Amino acid sequence: MTGSANRARLVLFGALLLAGFCLWQLAEAASEFFADKALAEQKYTRCLEKIERQAAIEKNPSTRRSQIWPCWHQQLAVKQYAENGALFVSLTPPNDRESGFYLATLLALSLAGFAVLKQR
């Protein structure tokens, strides 16, 4: 009985360790997403401010460019981060190795759960 209890504790410890590592990776990915989003918004704001300064300096209004058109790359980048589910998409694993790691963590947590239920 003590051998199975020790194995269950070991599996639980391993599962919690893997889950903690997965949560750490997800937190890093979320932090990177929000940092990239803030950078894209700053670039877009700076571009619009630059256009406004140029428009204020120009004397001939007929030669002014559109206020938005020169900043379309920045506008598209900001739109990409503003879409519904953009954060969720950024948290999905980009390669098969991370996907396998998440599946292994899920399997270990399931085994730990079954071991705990079996002891009861």
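The figures here come from the full heavy-atom set of this structure, side chains too, leaving out hydrogens, waters and symmetry mates. Quick caveat: nothing in here was measured; it's all calculated off a predicted structure. Along the sequence shown, residues are numbered consecutively beginning with 1.
Put simply, the side chain of Gln74 reaches to within 4.5 Å of the side chain of Cys71, judged on heavy atoms.
Linking Ile, Leu, Val, Met, Phe, Trp and Tyr residues whenever their side-chain heavy atoms come within less than 4.5 Å leaves Leu39 and Leu76 in two separate clusters. In the hydrophobic clustering of ILVMFWY residues, with side-chain heavy atoms under 4.5 Å counting as a link, Trp24 and Phe34 come out together.
Between the CD atom in Gln42 and the CD atom in Glu49 there is a gap of 10.5 Å [rounded to 0.5 Å]. The distance from atom CD of Gln75 to atom CG of Leu48, rounded to the nearest 0.5 Å, is 8.0 Å.
Using a distance-only test at 3.5 Å, with no hydrogens or angles considered, a donor-acceptor pair links the side chain of Thr45 to the main chain of Glu41.
For Tyr81 and Phe33, the distance between ring centers is under 6.0 angstrom.
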